[in-house]
There are 2 protein chains.
Amino acid sequence: MVTKQFTGSPEDADLRRADSLAREIFSDVANKWALLIIEALGERVLRFSELRDEVEGISHKMLTQNLRMLERNGLIERTVYPVVPPRVEYALTGPGQALRVTIDSLCDWTHRHLGHIEAARRRTDTAAAADSPDTGR
Amino acid sequence: MVTKQFTGSPEDADLRRADSLAREIFSDVANKWALLIIEALGERVLRFSELRDEVEGISHKMLTQNLRMLERNGLIERTVYPVVPPRVEYALTGPGQALRVTIDSLCDWTHRHLGHIEAARRRTDTAAAADSPDTGR
DNA sequence: CTGTATCCCGCGAGATACTG
DNA sequence: CAGTATCTCGCGGGATACAG
């Protein structure tokens, strides 16, 4: 992730700050739930409850938590319609759309390499099984 | 992430299996440490200790744990040189290299949007500060 | 140097209950 | 429906010690 050598010169302060910010953002974004939420919103604008259904296995808490985080970082936009019952919609912002593109490529990668990975797993798993003393009856 | 409608027909069993495998892989790969390790190995082949230095802030335990996981999934290759003291090198495999490309684009995205994100944060952070009763003095 | 095994604490995260 | 607030528990993950 573009590691730099800091020499101690004055303008390095800015670089160091940007670098730590970048790491922070990376930590925020590089997590399963955040990525899956962005991916889901890529299809279309979604309401809270739709997101909960769309993002398989996410809990109420993790969903709100990640939505707040993504909003804070300006990746999604939250729109509240003053009706009853409340209606809240989440949409990707520009940067959010851009991020979505790279997530798409990550998904592509996953599907393209399913076979290779499954094979690799079988290999190492059976090798490991061979090591440990036979537990089969 | 390419969600499908399952109808219950026989060949759906395979699709469902592939889908759950894809989610599993996604969960493995979409985590901070795994991504940072892959990214580090993109530059060049690295030894264990080099990786520990390269991947800022990772603990001994998390490093080995993720290395095992990545090896099991066939994304990295582990080479042991029978010398003393031991020398072990980790390298990206083909799929690992491919993954690295998409991670690069994620890093690019991060750096391209640093400004936007920082601004968004300032906005929501100051807004939040305005809400809570003034704690100053 | 590389790697496994323990111990143990803190926090991630689910479940639940309650407001608007 | 959307969201916040608690409580609680399990386990993620750091520190440490030890082995090859």
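So you know, we letter chains A, B, ... as the sequences are listed, proteins then strands, and number each from 1.
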Self-check item: Gap between atoms CG and P, on B:Asn66 and D:dG12 respectively (whole Å)
Solution: 12 Å
Quiz item: Are B:Glu77 and B:Tyr90 close enough that a side-chain donor and a side-chain acceptor fall under 3.5 Å?
Solution: no
Quiz prompt | OP1 or OP2 of C:dG3 under 4.0 Å from side-chain N/O of B:Arg68 | solution = yes
Practice problem: For A:Met62 and C:dG14, give me the distance from atom CE to atom C1', rounded to whole Å. | Solution: 9 Å
Quiz prompt | Integer-rounded Å distance: C:dG12 P and A:Met69 CE | solution = 13 Å
Quiz item: If only side-chain N and O atoms of B:Arg47 are considered, is one of them under 4.0 Å from the OP1 or OP2 phosphate oxygen of C:dT2?
Solution: yes
Quiz item: To the nearest Å, how far apart are A:Leu67 CG and D:dT4 P?
Solution: 10 Å
Exercise. Compute the ring centroids of A:Phe48 and A:His60, then answer whether they are less than 6.0 Å apart.
Key: yes
Quiz prompt | Test side chain to side chain contact (heavy atoms under 4.5 Å, CB included) applied to B:Leu75 and B:Leu41, B:Leu70, B:Ile37, B:Ile25, the passing residue | solution = B:Leu70
Exercise. Starting from C1' on D:dA2, measure out to CD on A:Glu50 and report it in whole angstrom.
Key: 13 Å
Practice problem: Determine, for B:Asp28 against B:Arg72, whether the closest basic-nitrogen to carboxylate-oxygen distance falls under 4.0 angstrom. | Solution: no
Practice problem: Find which nucleotide of DNA chain C each of A:Ile58 and B:Val80 is nearest to by heavy atoms, and output the residue with the more 5' nucleotide. | Solution: B:Val80
Quiz item: So, is A:Thr64 near the phosphate of D:dA2, with a side-chain N or O under 4.0 Å from OP1 or OP2?
Solution: no
Practice problem: May I have the distance from B:Gln65 (atom CD) to C:dT4 (atom P), rounded to whole angstrom? | Solution: 11 Å
Quiz prompt | Nucleotide nearest B:Val88 when distance is taken to its side chain, options C:dT2, D:dA2, C:dA13 | solution = C:dT2
Practice problem: Round to a whole Å and report the spacing from CG of A:Asn31 to P of D:dG13. | Solution: 12 Å
Self-check item: Spacing between B:Arg78 atom CZ and C:dG3 atom C1', to the nearest angstrom
Solution: 8 Å
Quiz prompt | Nearest to side-chain heavy atoms of B:Pro85, which nucleotide of C:dC1, C:dT2, D:dA15 | solution = C:dC1
Practice problem: Select base, sugar-phosphate, or nothing to describe what B:Tyr81 touches, counting heavy atoms under 4.0 Å on all strands. | Solution: nothing
Quiz prompt | Note: B:Glu54-B:Arg44 ion pair, threshold 4.0 Å (strictly below) | solution = no
Quiz item: So does B:Arg52 get a side-chain nitrogen or oxygen closer than 4.0 Å to the phosphate oxygens (OP1/OP2) of C:dC1?
Solution: no
Quiz item: Can you find an N or O donor on one side and an acceptor on the other, under 3.5 Å apart, linking the side chain of A:His60 with the base of D:dG3?
Solution: yes
Exercise. Give the nucleotide from the list C:dG3, D:dG13, D:dG3 with an atom nearest to the side chain of B:Lys61.
Key: D:dG13
Practice problem: Using heavy atoms to find the nearest nucleotide of DNA chain C for A:Ser59 and A:Pro86 separately, return the residue whose nucleotide is more 5′. | Solution: A:Ser59
